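Naming: A, B, ... by sequence-line order, numbering from 1 per chain. All values derive from a computational prediction rather than experimental measurement. Just so you know, these numbers use all the heavy atoms, side chains as well, and skip hydrogens, waters and symmetry mates.
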There are 2 protein chains.
Amino acid sequence: MPERRRQARGERRMAQLLDAAADVFAENGYAKATTNAVAARAGVSPGTLYQFFANKEALAAGLAERYRSALAQAHEQAFDPGFATLPLPELVDRMVEPMIAVNLENPGFKALFTAADMPAHVAAPARELHAAVAGRIGSVIAARLPDRPPEDVHRTAVVATQIFGALLGTILSADGDRDRWVAELKQALIGYLAAFESGGA
Amino acid sequence: MPERRRQARGERRMAQLLDAAADVFAENGYAKATTNAVAARAGVSPGTLYQFFANKEALAAGLAERYRSALAQAHEQAFDPGFATLPLPELVDRMVEPMIAVNLENPGFKALFTAADMPAHVAAPARELHAAVAGRIGSVIAARLPDRPPEDVHRTAVVATQIFGALLGTILSADGDRDRWVAELKQALIGYLAAFESGGA
DNA sequence: AGAAAGTACGAGCTTTTGCTCGCATTTGTC
DNA sequence: GACAAATGCGAGCAAAAGCTCGTACTTTCT
């Protein structure tokens, strides 16, 4: 895999293709999306697409990388020092709001995050996304409850991530009452995490 | 659509084909499953499959029907009169345990329930499954809290259903520590529903 | 200017997949 | 036994989708 030297035009094309992939994935899900459609959406021939991405999975991986970066940036803004001592409802707020915002701005990412259908070898980017989100949640929980076994913290973070993923679709497709569903998501997370904080010991 | 007269052999074939479809769907999900693979698994030619099922979606619909029936039966056994007054943790137990049991006995159904990838027109059976589960949960909630607006009850039931679906995959694929994940699922549901019961009013 | 590498095209290949069709066999009914 | 309907086969069609390849243009470097 000898690293290929890219010109400025090539970098622009890659971003363009990822934009198009995000749109196409968002419309019908990853499985139903076609590489030819992505190329067409980007106003480019299939051959050009494959100049920059080895295959369909590479497109997914590129998008996932974008997501991780966007999420990290959003959370960096939302976490000031001392976040760990906030009351639970406010903490959940600080976690959830940026995640929803990022998903609203990047419709394609939900198709990767909610990856129930992907063939096994293609699911790698989705798994990494899940792991990234769970990692963030886990580190916040660990900061609040330093005495808990890491294994318990991890399991709780995974469950919280899955709850988030489960409601994401409903939230994104809701129009007028989106805030209502977001409130339900927060309530579910608060209820679950409160039990973890008070229990276990 | 003139109803076709079926012989006993035909009924058996249909059941056989649904068994095969459940296996094949369970292995790689609905989208990746092929009708030829289903026919082969049933030890039958593709032509025979299409004698009984008009298309791939009809297979999904048939399986979904099985699921609804199995779930209804399981819940009928789990609900004695007076279930509505049980403490919340026990009530959640009575709801969750049969659902998990049914899913363990019928591996194919998860592929239908967790139908994030299906093309729009094929998602109908999955939607019906979700509606059936949410309906059951909703009626239990309504029995406990008769004074709440039906709309709130419905929304809560939908969220509970999605939480269930989100953790189903992890629970089914867990081996040794399945009970641990089931406990997390119950905790999440208890936490969320407790907030609904004490709040709102 | 000239060479080398990067970018771009798009027809079409290869494989997959849902599904069909003509025909043979089995079952139920009179 | 005879006829119709139901069941069964399996090669193969038509469309879709991931991807390739020969060719031509553009940018960069010396």
Does [N] have OP1 or OP2 sitting under 4.0 Å from an N or O in the side chain of [X]?
| X | N | value |
| --- | --- | --- |
| A:T48 | C:dT7 | no |
| A:S45 | C:dA8 | no |
| A:R13 | C:dA8 | yes |
| B:R12 | D:dT7 | no |

Output the rounded distance in Å from [atom1] ([X]) to [atom2] ([N]).
| X | N | atom1 | atom2 | result |
| --- | --- | --- | --- | --- |
| A:L49 | D:dT20 | CG | C1' | 13 Å |
| A:Y30 | D:dA17 | OH | P | 13 Å |
| B:Q51 | C:dA24 | CD | C1' | 13 Å |
| B:F52 | C:dC19 | CZ | P | 17 Å |
| A:E11 | D:dT26 | CD | P | 21 Å |
| B:K56 | D:dA16 | NZ | C1' | 13 Å |
| A:F53 | D:dA17 | CZ | P | 20 Å |

After noting the C-alpha distance and the side-chain angles of B:K186 and B:D179, does the key distance pass the salt bridge (Lys or Arg N to Asp or Glu O under 4.0 Å) rule? CA-CA 10 Å; B:K186 289 177 185 170; B:D179 290 345; over 6 Å; no

So which one's nearest nucleotide on DNA chain D is more toward 5', A:R9 or B:R6?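 The residue mapped nearer the 5' terminus is B:R6.
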
Does B:Q7 or A:Y50 map to a spot on DNA chain D nearer the 5' end, using the closest nucleotide for each?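 The residue whose closest nucleotide sits nearer the 5' end is B:Q7.
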
Base, sugar-phosphate alone, or nothing: which one does B:G10 contact when heavy atoms must sit under 4.0 Å apart?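 Here B:G10 touches the backbone only, sparing every base.
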
May I ask you to say what A:A33 touches in the nucleic acid, namely base, sugar-phosphate or nothing, with a heavy-atom cut-off under 4.0 Å?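 Sugar-phosphate, backbone atoms only, no base.
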
Kindly determine whether B:F113 and B:N103 satisfy side-chain contact (heavy atoms from CB on, under 4.5 Å), including the steps that lead there. CA-CA 10 Å; B:F113 195 75; B:N103 273 280; 5.6 Å; no

Taking for each residue the nucleotide of DNA chain C with the nearest heavy atom, is it A:G47 or B:G47 whose nucleotide lies nearer the 5' end?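 Per heavy-atom nearest nucleotide, the more 5' residue is A:G47.
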
B:N36, nearest nucleotide to its side chain (from D:dG18, D:dG8, C:dC19):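 Out of D:dG18, D:dG8, C:dC19, the nucleotide with an atom closest to B:N36's side chain is C:dC19.
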
Among C:dC19, D:dT28, D:dT20, which is the nearest nucleotide to the side chain of A:P46?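 Ranking C:dC19, D:dT28, D:dT20 by closest atom to the A:P46 side chain puts D:dT20 first.
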
Measure the CG-CE distance between A:L185 and A:M99 for me, rounded to the nearest 0.5 Å.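 These two atoms lie 8.5 Å from each other.
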
Would you compute the distance between atom CE of B:M95 and atom CG of B:L193 and round it to the nearest 0.5 angstrom?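 Between B:M95 CE and B:L193 CG, I get 9.0 Å after rounding to 0.5 Å.
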
Should the side chain of A:N55 and the base of D:dC19 be counted as holding a donor-acceptor pair, with the cut-off at 3.5 Å?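 No, no donor-acceptor pair under 3.5 Å.
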
Under a 4.5 Å cut-off applied to non-hydrogen side-chain atoms, are B:E197 and B:L88 in contact?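 When only atoms from C-beta onward are counted, B:L88 and B:E197 do touch, with a gap below 4.5 Å.
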
